[in-house]
Q: 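This is the structure, below, for whatever I ask next.
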Amino acid sequence: WNVNISHIVFTNGTNVMSVYENEYYSYFITKKKEIYAPIKFMMFVKDNVMKEFYEKGICLGYALDSSNRDFICNNEIVKMFPNISFVIENKMFMFTAEEMFTREGSYSYLNIMTNNDNVNQFIIGSDFMMKFVTQFDYDQKSIAFYSDTEFNTFRMINTKGIKIIYTIVIIMLIITILFNILINKN
């Protein structure tokens with residue numbers, strides 16, 4: 001399964017801090033929690049997003065190696081780190097810093113790690129798929145993502161259609177029962 005992530009946008013409130021233009025396809029898997037990203041993206045994050053946190057001593061180090069957690073920071077990073085939005089099919093899917101970091105004791109680790117297996121792929125794990133409604137179309141071999149609001153609208157429309165069908169089936173069942181009663185009386 002793959003989908004094109006055209007941009008990854010880092011925002012702080014309404015201010016756009018950095019935009020990474022992506023030329024890669026992303027493969028989605030469900031067994032891993034973290035997002036695995038190409039080394040080129042990880043270098044972009046290190047040089048454009050994390051730099052000020054290293055200078056302030058909030059982030060302590062980075063590895064850029066999938067065998068380790070790439071960015072290790074103090075817990076205060078969660079209050080200061082920008083939101084990360086993945087742009088897929090011209091729709092933004094945003095994560096807050098609290099959703100992107102795992103806390104362990106006095107340290108927080110960014111849940112984006114280097115994908116050393118294939119430098120041209122993002123692997124987006126269960127955190128992404130649990131936050132957004134994911135629709136797999138096996139016939140078209142495609143994936144669609146929806147925010148809760150979009151999905152609830154979609155579900156409401158489908159629910160109305162189901163209610164109409166259900167009402168028609170009930171009416172037909174009642175007519176069939178009444179017809180059988182009339183036939184059995186004669």
Side-chain angles (χ1 to χ4, degrees), residues 1-56 58-59 62-64 66 69-103 107-115 118-137 142-155:
W1 298 97
N2 59 51
V3 65
N4 188 8
I5 297 175
S6 60
H7 296 82
I8 299 172
V9 182
F10 295 86
T11 57
N12 191 353
T14 57
N15 300 325
V16 174
M17 294 176 60
S18 298
V19 176
Y20 178 78
E21 292 189 29
N22 185 29
E23 65 269 17
Y24 305 118
Y25 279 90
S26 302
Y27 291 82
F28 292 79
I29 60 172
T30 58
K31 292 184 180 180
K32 297 186 182 206
K33 175 182 168 77
E34 295 86 2
I35 295 173
Y36 288 81
I39 188 74
K40 185 176 176 183
F41 172 76
M42 297 304 284
M43 293 301 291
F44 175 86
V45 171
K46 180 182 84 62
D47 295 338
N48 294 284
V49 180
M50 302 299 277
K51 185 177 180 179
E52 80 173 89
F53 301 117
Y54 288 116
E55 290 170 356
K56 292 177 181 178
I58 295 168
C59 288
Y62 60 90
L64 300 185
S66 64
R69 293 189 168 143
D70 292 323
F71 297 106
I72 303 165
C73 304
N74 295 328
N75 283 336
E76 63 186 296
I77 187 73
V78 175
K79 298 176 197 157
M80 305 167 77
F81 197 78
N83 296 327
I84 301 175
S85 297
F86 295 86
V87 181
I88 302 170
E89 304 291 329
N90 295 319
K91 295 190 315 189
M92 291 183 91
F93 298 92
M94 186 187 79
F95 285 92
T96 64
E98 287 188 4
E99 295 167 322
M100 289 305 302
F101 279 88
T102 297
R103 289 184 184 199
Y107 298 106
S108 291
Y109 302 94
L110 185 63
N111 290 333
I112 301 178
M113 298 166 57
T114 305
N115 178 12
N118 184 333
V119 294
N120 294 330
Q121 292 177 352
F122 280 86
I123 301 173
I124 298 181
S126 62
D127 279 358
F128 190 94
M129 296 178 83
M130 287 172 27
K131 179 169 170 92
F132 303 106
V133 177
T134 307
Q135 177 186 14
F136 292 91
D137 183 337
S142 65
I143 297 177
F145 298 100
Y146 303 97
S147 66
D148 287 341
T149 306
E150 290 175 311
F151 183 70
N152 287 334
T153 302
F154 175 74
R155 187 172 59 189

Q: Could you measure the distance from the CD1 atom of I8 to the CE atom of M92? Nearest 0.5 Å is fine.
A: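 So the gap between those two atoms works out to 10.5 Å.
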Q: Name each donor-acceptor pair under 3.5 Å that joins a side chain in residues 79-88 to protein atoms two or more places apart or in another chain, with its distance.
A:
none

Q: Listed by chain and number, what are the side chain to side chain donor-acceptor pair (under 3.5 Å) partners of N74, not counting sequence neighbours?
A: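 With sequence neighbours excluded, N74 shows a side chain to side chain donor-acceptor pair (under 3.5 Å) to no residue whatsoever.
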Q: Of all residues at least two apart in sequence or in a different chain, which pass the side chain to side chain donor-acceptor pair (under 3.5 Å) check with T11?
A: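 Partners of T11 under the side chain to side chain donor-acceptor pair (under 3.5 Å) test: none.
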Q: Report yes if the distance between the aromatic ring centroids of F95 and F101 is under 6.0 Å, otherwise no.
A: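 Ring centres of F101 and F95 not closer than 6.0 Å.
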Q: How long is the straight-line distance from CE of M100 back to OG of S108, given to the nearest 0.5 Å?
A: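 So the OG of S108 and the CE of M100 are separated by 12.5 Å.
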Q: When you compare the side chain of Y20 with that of V45, does any pair of heavy atoms fall below 4.5 Å?
A: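 The answer is no, as the side chains (C-beta and beyond) never meet within the 4.5 Å cut-off.
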Q: On a heavy-atom basis, which atom in M94 and which in E99 lie closest, and how many Å separate them?
A: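 Closest approach of M94 to E99: O-OE1, 4.1 Å.
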Q: Going by atom type alone, with no hydrogens or angles, which donor-acceptor pairs under 3.5 Å involve a side-chain atom of residues 47-56 and a protein atom two or more places apart or on another chain?
A:
{"unit_1": "N48", "atom_1": "ND2", "unit_2": "F44", "atom_2": "O", "d": "3.1"}
{"unit_1": "E52", "atom_1": "OE2", "unit_2": "K56", "atom_2": "NZ", "d": "3.2"}
{"unit_1": "Y54", "atom_1": "OH", "unit_2": "G61", "atom_2": "O", "d": "3.3"}

Q: Calculate, to the nearest 0.5 Å, the distance between atoms SG and CG belonging to C73 and L110 respectively.
A: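 Between atom SG of C73 and atom CG of L110 there are 7.5 Å.
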